[in-house]
Amino acid sequence: MPDHEINIQYEWKISEDGRIVTTDYLSSAKETEERQNEIKAYDGERLDYKEVKIACRVREEAESNVNLTNLAEITEDSDNDRDSTPDNVEVPNDEELPGYKDEEIDKDYVPGQEDDDDFEKVYVEDFDLALRKFISEVDGTTYNREPSVDLSGLENGTTAIENGTTAIYNHPKDPVPVRRNSVVIYTIRVYNESRIDGYAEEITDYLPAELEYLPDHEINIQYEWKISEDGRIVTTDYLSSAKETEERQNELKAYDGERLDYKEVKIACRVREEAESKVNLTNLAEITEDSDKDRDSTPDNVEVPNDEELPGYKDEEIDKDYVPGQEDDDDFEKVYVQDFDLALRKFITKVDEEEVDTRIPEVSYDREEDKITYNHTKDPVEVVTGNVVEYTIRVYNEGDIAGYAEEVADDIPDGLKFLPENDTNKEYRWVMYDEEGNETENVEEAVEIRTDYLSKEQEETEGENLLKAFNPEEPIGEGNPDYRDIKVAFEVVEPNGSDKIIVNSAQITEDSDENGDPVEDKDSIPDEWNEGEDDQDKEYIKLTYFDLALRKWVTEAIVIEDGKETVTQTGHTAEMDPEPVVKVELYRKDINDVVVKFRYKIRVTNEGDIAGYAKEITDYVPEGLRFIAEDNPGWTDEGNNIISTRLLENTLLQPGESAEVEVVLTWINGEDNMGQMTNIAEISEDYNDKGVPDRDSTPDNQVPGEDDIDDAPVLLSIETGQQRIYFVLGLTVLGTLAGGLVLIKKFVI
């Protein structure tokens, strides 16, 4: 430093290589009246001395913590020194020079090679700032993630990161759960690890795309952050030397061997609405300018990963107690979006006193799709008018956040009647509402019911209603996902015989987090019925009906003459409607000698949904025919040409099943007993366990057109020809197509 005022004052001269400087400032030749250079002799009490000074600057390339040993000697004096030879000091080479006399420097007196030379040592002490970043608050909830500092690395020189000696900062780096629109407060703390005071002149924070800087937040205003045009980089010089005031002491004091001094700034960010679930939002910060050269970090050199790689930044290390940055002047913190997600399922669990256990949802979880599925049938449950149907409404927590179903609503469709005095409905606190949304006590006005049974306010014991967060790592079932049930009972008032399917709908109308605060559901909007959302469900019932139908037809015409029986099959079936008339023609001469019988078949079919019995069938015998008990076992003559049978009394007919009985009636001989005779049969008594009447017939009422009554006609006439002939009439396909009756004749000679 030839231009330094001290070096000029003391008239130093530098060698060409810059390594040797000399001065004759104290020489006799330079003595003047003002400058007395002569060094007086020792007087037995005091040593006289003269001095010069020299100014040197430590070079930029000087190595840290390596002694810079500087030797000086007298190279010329005015007489012969008794114990020293001027200009004879041996200067070690550059490799040995740093350690020159190190083995003696702890002594009180360290002599030179002779007493006319001496040395002094300096070493470069590095400036070293370290930065740590940690979340201190989310939505008003305080987090304690600040570092616990281990100073052993500073004391013993342990290399903690490449090319540097640093303290160890133990603090968690596992991602912190947040929600969309959560406000996250980060603390950025700068430590001074060196023995030199200094400043963090500028700090920069790099935001992921899903974190939004809040320019108007009081914290961001306080710490004077400035945002880039793209909204991804924010900087502050809040801790700089330029911003230091009497009130704000920004200088970071040197490490005193016991404690690291630090200063902090904070930054507030909001999680954007479009942030993806369960994806880490990684936020990096670094010192981008400091007041001295840092020994193990270069300001403003952090490599920020691209948006695809940023979520996984240092994930392989985050389980460690201490996760260093790329250097020790940068650090990161992670958050991830948790979802609040309640799902509702509705299923019938009881009809009257009969338990229904076949409709409970079976829960499955697809880990790859991260999707929960509820498998349960939605085929309508068969009911009858007057049944009391109990529905279970089950609310599951599919999300990462614990919470409550504060209110659940259920509609009252036509065909169902809410029962306010029902024990189940009272237990589950259902309240009725009219079309205007006003609370009502009038069942006739009620169109909807709501309950707060599962709310935070209504839980009898802390945590009873709280739906725990779903844990995908635990087995499915056994309360994972967690759920709570409520029940509701309705009476079926839809008339029997209705073919309407009654749909009952329920949905979550209000929810909250575990603190009872409003929260946004991941995929549903409470109190809005939007098809496909999972906070709503429907259950279905249909009216079953009892319906027995009766068909009667003639299967045989039997003619007995002179002991010879001729049986003619009619070919008729139950499906013929109308059934063709069966005709028998008799020769006039043999009217009183011939026996004519007709065999009828009666079929009862269950055309309904309910199993049941045709307990009794009644047959109305027409004038001209008569009942013979011997021909008809199981039939009873009730008098007045009425007969009945209970042959099917114990035959349970399932839906779609049929059963048959036969009856044989005999013609009453007489020339004046001719013409058509119609035999009618009817179900006169039926039964089913549900007590449901037949949907379209009334037993034993003899009303034509109902399907539990049918007739079968026969006709007897006199043949007028010369030949004795008996005819049986039937219907052929050709005759049906032609629209008329075709005669099928049986000849008896």
Side-chain angles (χ1 to χ4, degrees), residues 551-574 576 578-602 617-645 661-682 702 704 710-732 734-736 738 740-749:
R551 300 295 293 171
K552 179 171 186 174
W553 69 101
V554 181
T555 59
E556 295 177 351
I558 305 166
V559 178
I560 303 171
E561 185 181 19
D562 298 331
K564 180 180 178 182
E565 181 178 276
T566 301
V567 178
T568 302
Q569 302 293 331
T570 66
H572 293 185
T573 66
M576 291 178 173
E579 179 190 359
V581 178
V582 175
K583 181 179 180 181
V584 175
E585 293 185 341
L586 302 174
Y587 189 60
R588 185 184 303 273
K589 182 178 179 181
D590 296 325
I591 284 177
N592 294 321
D593 297 325
V594 70
V595 176
V596 179
K597 297 177 181 287
F598 298 98
R599 185 179 300 277
Y600 301 85
K601 186 165 284 188
I602 301 170
I617 298 171
T618 296
D619 193 276
Y620 303 98
V621 180
E623 294 281 342
L625 298 180
R626 62 190 176 95
F627 170 76
I628 299 175
E630 290 78 5
D631 291 340
N632 298 282
W635 284 87
T636 301
D637 189 349
E638 304 289 349
N640 297 320
N641 286 344
I642 298 174
I643 58 176
S644 65
T645 182
V661 294
E662 291 184 338
V663 64
V664 176
L665 298 179
T666 302
W667 175 58
I668 300 173
N669 297 58
E671 188 173 343
D672 56 353
N673 187 23
M674 296 291 173
Q676 181 169 310
M677 304 169 189
T678 301
N679 179 223
I680 299 172
E682 177 186 28
Q702 301 182 50
D710 196 21
D711 58 45
V714 296
L715 185 146
L716 285 95
S717 63
I718 296 174
E719 173 60 42
T720 58
Q722 297 299 313
Q723 200 171 13
R724 299 168 55 206
I725 302 174
Y726 302 91
F727 299 92
V728 178
L729 297 175
L731 183 66
T732 66
L734 180 61
T736 301
L741 296 177
V742 177
L743 300 182
I744 302 173
K745 299 184 179 181
K746 171 65 181 178
F747 299 89
V748 179
I749 305 298

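Position 1 is the first residue of the sequence; numbering continues from there.
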Polar side chain donor-acceptor pair, [X] to [Y], under 3.5 angstrom:
X	Y	answer
Glu638	Ser644	yes
Glu682	Tyr620	yes
Gln569	Glu556	yes

Are any side-chain N or O atoms of [X] and backbone N or O atoms of [Y], one a donor and one an acceptor, separated by less than 3.5 Å?
X	Y	value
Asn669	Val594	yes
Asp619	Ile643	no
Trp667	Asn673	yes

In chain order, what residues pass the side chain to side chain contact (heavy atoms under 4.5 Å, CB included) check against Thr555, with sequence neighbours excluded? Trp553, Arg599, Lys601
Using the side chain to side chain contact (heavy atoms under 4.5 Å, CB included) criterion, which residues pair with Asn632? Sequence neighbours excluded. Phe627, Trp635, Val663, Val664
With heavy-atom distances below 4.5 Å as the criterion, would you say the side chains of [X] and [Y] are in contact?
X	Y	value
Gln676	Val581	yes
Met677	Leu715	no
Asn641	Glu623	yes
Lys583	Val714	no
Met674	Ile718	yes
Val596	Leu586	yes
Thr566	Ile558	no
Ile642	Val621	no

Quick one: do Val582 and Tyr600 satisfy side-chain contact (heavy atoms from CB on, under 4.5 Å)? Show the steps, please. CA-CA 11 Å; Val582 175; Tyr600 301 85; over 6 Å; no
May I have the step-by-step check of side-chain contact (heavy atoms from CB on, under 4.5 Å) for Ile628 and Lys597, ending in yes or no? CA-CA 10 Å; Ile628 299 175; Lys597 297 177 181 287; 3.7 Å; yes
Going from [atom1] on [X] to [atom2] on [Y], what distance comes out if it is rounded to the nearest 0.5 angstrom?
X	Y	atom1	atom2	result
Ile617	Ile602	CD1	CD1	5.5 Å
Asp637	Arg626	CG	CZ	12.0 Å
Glu671	Asn592	CD	CG	8.5 Å

Ignoring hydrogens, what is the shortest heavy-atom contact between [X] and [Y]? Give both atom names and the distance.
X	Y	answer
Ala712	Glu579	CB-OE1, 3.5 Å
Thr645	Gly634	OG1-O, 2.9 Å
Pro622	Thr678	CB-O, 3.2 Å
Met576	Pro580	SD-CD, 3.8 Å

